[in-house]
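For reference, the structure is listed below as structure tokens.
Naming: A, B, ... by sequence-line order, numbering from 1 per chain. What you see below is based on every heavy atom in this structure, not just the backbone, and it leaves out hydrogens, waters and symmetry mates. On a predicted model such as this, the values are computed, not experimentally measured, just so you know.
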2 protein chains.
Amino acid sequence: MNIPSPLEVWLIEDNATFRRTIARVIESNFRCPEGFSRCEDAIECLAKTGARPDVILLDVALPGMNGIDGIPLLRQAAPETRIIILTVFEDDDKIFRAICAGAAGYLLKTASPEEIVRAIRDVLDGGAPMNGRIARRLLEMFSRFNRPHKDYHLTIREREILELMVEGRIKKEIASRLTLSVHTVDTHLRNIYAKLEVHTRTGAVAKALKEKLI
Amino acid sequence: MNIPSPLEVWLIEDNATFRRTIARVIESNFRCPEGFSRCEDAIECLAKTGARPDVILLDVALPGMNGIDGIPLLRQAAPETRIIILTVFEDDDKIFRAICAGAAGYLLKTASPEEIVRAIRDVLDGGAPMNGRIARRLLEMFSRFNRPHKDYHLTIREREILELMVEGRIKKEIASRLTLSVHTVDTHLRNIYAKLEVHTRTGAVAKALKEKLI
DNA sequence: AGCGGCATCCCGTGTTCGCGCGAATAGCAG
DNA sequence: CTGCTATTCGCGCGAACACGGGATGCCGCT
């Protein structure tokens, strides 16, 4: 493997010592031409030079704009570039916001050089490298979305009609689509209202979506 | 490492051949005393024997109750047991539901024996082992939870009215609450429809909730 | 000053909806 | 067989709705 890899990795990290250490690690497997201590500098460089790195390793605590707020801007400037967070923080809020902002991976600075290189390969391979504890946290956050799935005892038919309502169909359309008379649709609607305890179709649609009944 | 590991792994998998293969793999590192072809059998065994495995490898497609629906019951019977999904499915819905139900990991059946063993260790170590593509999917699902708020250029007034619509208010109520005539509300609604490219209030409410405009 | 664009407001008309009533059929469990 | 539920269909009325217009005031641009 002496062929120089065409893959380019950037590093945004304000601690110069740590940055150089990581850069050396990366250089053994990828090109790592650019190192920045500030998010803004990297964004400007993307805009001016038109350079498009394959991966950016991004710190969270940075002078000026923090890494997480920088993610959307970096992604806007270079949509194809995968961003891996590399930080000491592992609190739920930072993880959540980073992932929501579009980070493709989340590593801790305790990661070994091998782990970092593996993560870069992984992310280029369509994966989402992250520290084990981070992954666990993410899953727990997910399961918190777990809806108690309150059951309103809607029938199959009622659910079908609710779905079409959510699509914005009017009664006549629903009737023809299900090969029913509008009167039947009407009756179903009334039963749905009663079961969901609402009085309008907007209320029914709102409740259906909020409680993920459909 | 000739000391028998005290760690116990169960396997719920209906394909007897595959089950035996995996069991052999696991046996080289853990105790794997129980293999089930049905979720219900495992749940019953947990209840009757009081056995508490450390990890359960769980298939999704099973005769009788499917694996995903089995997760809550297994967790109820043995809350400390970590469940790892081991399946051929990688569609968003199954992943999402499995994670929400409380699975601690998600592997594909294409995983190598080493990966399976590593996953078991990982999950016992507080991690959340999963296939790279699965992890990526999960992150994408996450970022969908607060996607970049596509801007439909709704005005303050329009947003107010949209909010009240989502609450299930009728035009008259909206009008009185905002001290307007119903006609004014009506016009705002039309503008909202145009901006959201819908033709009904249900459509508007659905779009507003789906895209988290409010 | 003139102009277009936009947010805000209002009215009338024809359509759709919510809901009151009633009723028939089919399937399923006790 | 006898309830029970799901599903289907019917009619009529008043309320709510969609949409065609029309109008005012504010802001920025030229």
Looking at B/Lys172, does any N or O in its side chain come under 4.0 Å of the phosphate oxygens OP1/OP2 on D/dA15?
->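 Answer is no, no contact under 4.0 Å.
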
Short side-chain N/O contact to C/dC19 OP1/OP2 from A/Tyr193, under 4.0 Å |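 Result: no.
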
Going by an N to O cut-off under 4.0 Å, is there a salt bridge joining A/Arg82 and A/Asp54?
->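 No, A/Arg82 and A/Asp54 are not salt-bridged.
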
Can a salt bridge be assigned to the pair A/Lys109 and A/Asp59 using a cut-off of 4.0 Å between side-chain N and carboxylate O?
->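 Yes, this pair counts.
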
Look at atom CD of B/Gln76 and say whether more than 12 heavy atoms of other residues, nucleotides or ligands are closer to it than 6.0 Å.
->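 Atom CD in B/Gln76 is not packed in, count stays at 12 or less.
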
A/Lys207 side-chain N/O to A/Leu196 backbone N/O, donor-acceptor pair under 3.5 Å =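 Yes; judged by distance alone, with no hydrogens or angles, the pair exists.
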
[X] [atom1] - [N] [atom2] separation (whole Å):
X: B/Ile192; N: D/dA18; atom1: CD1; atom2: P; result: 11 Å
X: B/Leu154; N: C/dT8; atom1: CG; atom2: C1'; result: 15 Å
X: A/Glu173; N: D/dA18; atom1: CD; atom2: C1'; result: 13 Å
X: B/Lys171; N: C/dC11; atom1: NZ; atom2: P; result: 14 Å
X: B/Leu180; N: C/dC11; atom1: CG; atom2: C1'; result: 15 Å
X: A/Met165; N: C/dG18; atom1: CE; atom2: C1'; result: 12 Å
X: B/Ile174; N: C/dT8; atom1: CD1; atom2: C1'; result: 16 Å
X: A/Leu178; N: D/dT7; atom1: CG; atom2: C1'; result: 12 Å

Just call it for [X]: base, sugar-phosphate, or nothing, with non-hydrogen atoms closer than 4.0 Å on any strand.
X: A/Asn191; answer: nothing
X: A/His199; answer: sugar-phosphate
X: B/Thr155; answer: sugar-phosphate
X: A/Ser181; answer: sugar-phosphate
X: B/Ile156; answer: nothing

Counting side-chain heavy atoms from CB outward, which of [options] is closest to [X]?
X: B/Arg190; options: C/dC17, D/dC17, D/dG21; answer: D/dG21
X: A/Lys195; options: D/dC9, D/dA6, C/dC9; answer: D/dA6
X: B/Arg157; options: D/dT8, C/dC9, C/dT16; answer: C/dC9
X: B/His183; options: D/dC17, D/dT8, C/dC10; answer: C/dC10

Of A/Leu189 and B/Thr184, whose closest DNA chain C nucleotide lies nearer the 5' terminus?
->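 The residue closer to the strand's 5' end, by nearest nucleotide, is B/Thr184.
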
Between A/Thr202 and B/Glu158, just flag the one whose closest nucleotide in DNA chain C comes earlier from the 5' side.
->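 Counting from the 5' end, the first nearest nucleotide belongs to B/Glu158.
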
Using only heavy-atom distances, decide whether a donor-acceptor pair under 3.5 angstrom links the side-chain of A/Asp186 to the base of C/dC17.
->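 Under the 3.5 Å cut-off, the side chain and the base do not form any donor-acceptor pair.
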
Ignoring hydrogens and angles, answer whether the base of D/dC9 and the side-chain atoms of A/Thr187 contain a donor-acceptor pair closer than 3.5 Å.
->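 It does, because a donor-acceptor pair links the side chain of A/Thr187 to the base of D/dC9 below 3.5 Å.
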
side-chain hydrogen bond (donor to acceptor under 3.5 Å, both in side chains) assessment of B/His183 paired with B/Ser181 = CA-CA 5 Å; B/His183 304 104; B/Ser181 112; 3.3 Å; yes

When you measure from the centre of the six-membered ring of B/Tyr152, is the NZ or CZ of B/Lys195 under 6.0 Å away and within 45° of the axis?
->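 Because its charged atom misses either the 6.0 Å distance or the 45° angle limit, B/Lys195 does not stack over B/Tyr152.
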
